[in-house]
Amino acid sequence: MSTTAIIDLDLPGPVISRHVYGHFAEHLGRCIYGGFWVGEDSDVPHVRGIRSDVVAALRALRIPNLRWPGGCFADTYHWRDGVGPRQDRPRVVNSHWGDVVEDNAFGTHEFLDLCEMLDAEPYVSGNVGSGSVQEMAEWVEYVTRADDSPMAALRREHGRDQPWRVPFWGIGNETWGCGGNMRAEQYASLARHYSTFVRDQGGNHVYRIAVGPHDDQYGWTETMMRSFDDLAADPAAPADPFQAISLHYYTMTGSWSDKGAATEFTEDEWYLALSRASRMEEFLARHSTVMDRYDPHRKVGLVVDEWGTWWNVEPGTEPGFLYQQNTLRDALVASTHLDAFHRHADRVVMANIAQTVNVLQAMLLTDPDSGALVLTPTYHVFEMNTGHHDAASLEVHLRDAPTAEVDGRTLALVSVTASVKGQGALVSLSNLDASEPREVVLDLRGRTVECQGARILTAPALQSHNTPQDPAAVAPTPFEGVREHPRGLVVELPAHSYVTAELRLT
Ligand code: AHR
C-alpha cells in the first residue's frame with residue numbers, strides 16, 4: 001500500500017529559520033586543532049592558519065552560524081587567554097576533553113576571522129561556570145564596540161580596528177551539569193544577572209540564549225520560563241533577560257557508559273537509533289507546551305544548540321576526543337531531526353548539530369596522516385536541504401504511513417516535510433525502513449507543480465560510510481523515481497534512503 005502525503009502549497013506556515021542549520025565547534029579533540037585550525041606554518045592549504053578545504057566545504061552548505069568555544073569547554077574558558085600575540089598566550093589544561101594542554105592558538109580573533117570566511121554569524125558561549133559577570137561583559141565590549149572604550153582599544157592593540165557583529169551569546173552551557181551542577185532556581189537567577197550585562201553595544205544587537213533543559217527535563221523549562229514572568233509583566237522593566245533557551249539531546253543506542261558502535265551495528269540497532277532520534281519531536285512538542293503557558297505569543301525561542309548521534313569512539317582513538325565515523329544511519333538521524341525542526345518552526349529558531357569537524361556527528365572528517373578531507377553522509381543531508389533555509393514551512397498530513405514498534409514506541413517509517421519560497425518548493429522524504437521500498441503519493445493541493453529534479457542519498461549497506469579511500473560511498477546522485485500522478489507526484493523511495501525533490505509552482 002502506498003503512503004499519501006497531503007500538502008497544501010497555498011497555505012505557507014511559519015518560516016524555517018536558516019539558523020536551524022547551524023553548527024558547533026568546541027575545543028575538543030581534533031575539532032578546532034587539526035579540523036579548522038592548522039596554524040600559519042602548515043603545509044595544508046590555509047588562510048591565516050584556517051584550513052581552506054574546510055571553509056569551502058562549509059560555505060557550500062551555506063552554514064548560517066557557528067557556536068564556539070563549547071560545550072563544557074566554554075565554562076572553563078577565559079577569553080583573555082586567547083587574544084594578543086600567540087607566543088605570549090598562556091597554556092591551560094582542557095580538563096573536560098582528554099586533559100590535554102591547550103595553547104590558546106585559536107582564540108577570539110581566529111574564531112571571528114573564521115566566521116567571516118564562512119559568512120556565518122558567530123554564536124559565542126560565555127563562561128558562567130568559572131567566569132564572572134565582568135569577564136563576560138568585557139568580552140562583549142571587546143568584540144562589538146567601535147569607539148575608544150578600554151576593551152575596544154585593547155582589541156585594536158591586538159590588530160583589529162573594526163568591531164565584529166556578534167549577535168548570539170550563550171549565558172553558560174549545561175549549567176545543570178558540566179557548567180556548574182546548578183539547580184534550576186539557582187541558575188535562573190544567575191541567568192537574569194548575567195544577561196543584564198550582556199548588552200547591546202556599538203550598534204551590535206545581542207540575542208541572549210540561556211541554558212535550557214536536556215531531553216525530557218520539563219521542570220527546568222518551567223523554572224526558566226517562570227523566572228522572568230515578573231519582568232514581562234512590568235512595563236517599566238528593561239528588555240527580557242534572554243530571548244531563547246537551549247535544549248540538548250543526543251541519540252545513542254546504548255547508555256552513557258556504552259553508547260553503541262558507529263559502524264558495527266545490527267538492523268535492530270538501526271531501528272533503535274532512529275526511534276531514539278525521533279524522540280526529538282516529542283521533546284520539542286512538550287517543551288513548547290510548557291513555554292506556551294508563559295509565552296503564548298512565542299517570543300522566546302527554543303535553540304537546540306546540541307544534537308546528534310553520540311557513539312563509542314573509533315577503536316584506537318583517544319576516548320576524550322569523541323572521534324566517530326558517520327554512516328547512512330547518521331544521515332537518517334539527521335533528516336529525522338531536521339524534519340522535527342521544520343515542523344516546529346514556530347518555536348525552534350536555531351539548532352546546532354554537534355560537532356562540525358572530527359567530533360561526534362560531524363559534517364567533515366580530516367585524516368590526521370594524509371590531511372585528506374572527507375564529507376560525511378550527514379553533510380550531504382544538510383547540503384540537500386539548503387532549499388529549506390528561510391523558506392515557509394508547509395504542513396504535511398500523512399495517510400497510511402507504515403510504522404514499526406521499537407523500544408516501546410511507534411516509529412513512523414516514512415517522514416516527509418516541505419517548504420515553499422517564491423515559485424519554488426522543496427520536499428524532503430526519508431524512508432527509514434531498512435529493507436522495504438515505499439511508494440509515497442504527494443497529493444499536492446492549491447497549485448500545480450512541475451518537478452525540476454530530485455536527488456537521492458542511499459547506499460547498499462546500512463553501515464556504509466565515507467573514508468579517504470572511498471570518499472563517495474554515500475553521496476547524493478540524481479534520482480529518477482519521481483513521476484507525475486493524478487494527485488500531483490509519486491515518489492518510489494528505495495529502502496533506507498533520503499530523497500529531496502525540487503518543485504516549481506506553475
Ligand atoms: O558536544 C560534546 C559535549 O556534550 C559538550 O561539550 C557538552 O555541552 C555536552 O555534554
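Counting convention: from 1, in listed order, for ligands and their atoms alike.
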Expected list for residues 467-475: side-chain donor-acceptor pairs under 3.5 angstrom, two or more places apart:
| unit_1 | atom_1 | unit_2 | atom_2 | d |
| --- | --- | --- | --- | --- |
| T467 | OG1 | Q469 | N | 3.4 |
| T467 | OG1 | D470 | N | 3.0 |

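W68 and H27 have tilted rings, their planes meeting at an angle from 30° to 60° on a 0 to 90° scale. Between H337 and W307, the ring planes are parallel. Angles under 30° get that label, and only those over 60° would be called perpendicular.
Heavy-atom contacts of E174 reach the following atoms of ligand 1: 7 (C), 8 (O), 9 (C), 10 (O) (cutoff under 4.0 Å). The distance from ligand 1 to the heavy atoms of E306 drops below 4.0 Å at these ligand atoms: 1 (O), 3 (C), 4 (O), 5 (C), 7 (C), 8 (O), 9 (C). Of all atoms in ligand 1, numbered sequentially from 1 with element shown, those under 4.0 Å from a heavy atom of F24 are 1 (O). Of all the atoms in ligand 1, the ones that sit under 4.0 Å from a non-hydrogen atom of L360 are 1 (O), 2 (C). Set against the non-hydrogen atoms of N173, the atoms of ligand 1 under 4.0 Å away are 8 (O).
Neither the backbone nor the side chain of W307 has any atom closer than 4.0 Å to an atom of ligand 1 (non-hydrogen atoms only). Residue contacts with ligand 1 for H96 are absent, since no atom lies close enough (heavy atoms, distance under 4.0 Å).
Listed by first then second residue, pairs satisfying salt bridge (charged side-chain N to carboxylate O under 4.0 Å, His left out) with a partner in residues 88-97 read R89-E110, not counting sequence neighbours.
For Y250, the closest heavy-atom approach to ligand 1 falls below 4.0 Å.
Considering backbone and side-chain N/O atoms, Q355 comes within less than 3.5 Å of an N/O atom of ligand 1. Close N/O approach between C178 and ligand 1 is not found [any backbone or side-chain N/O within under 3.5 Å].
Annotation for M117 and V47: closest pair CE-O, 3.4 Å, computed over non-hydrogen atoms.
Under a cutoff of 6.0 Å and an axis angle of 45°, R329 and F265 form a cation-pi pair.
Checking side-chain atoms of D200 against main-chain N and O of V206 turns up a donor-acceptor pair under 3.5 Å.
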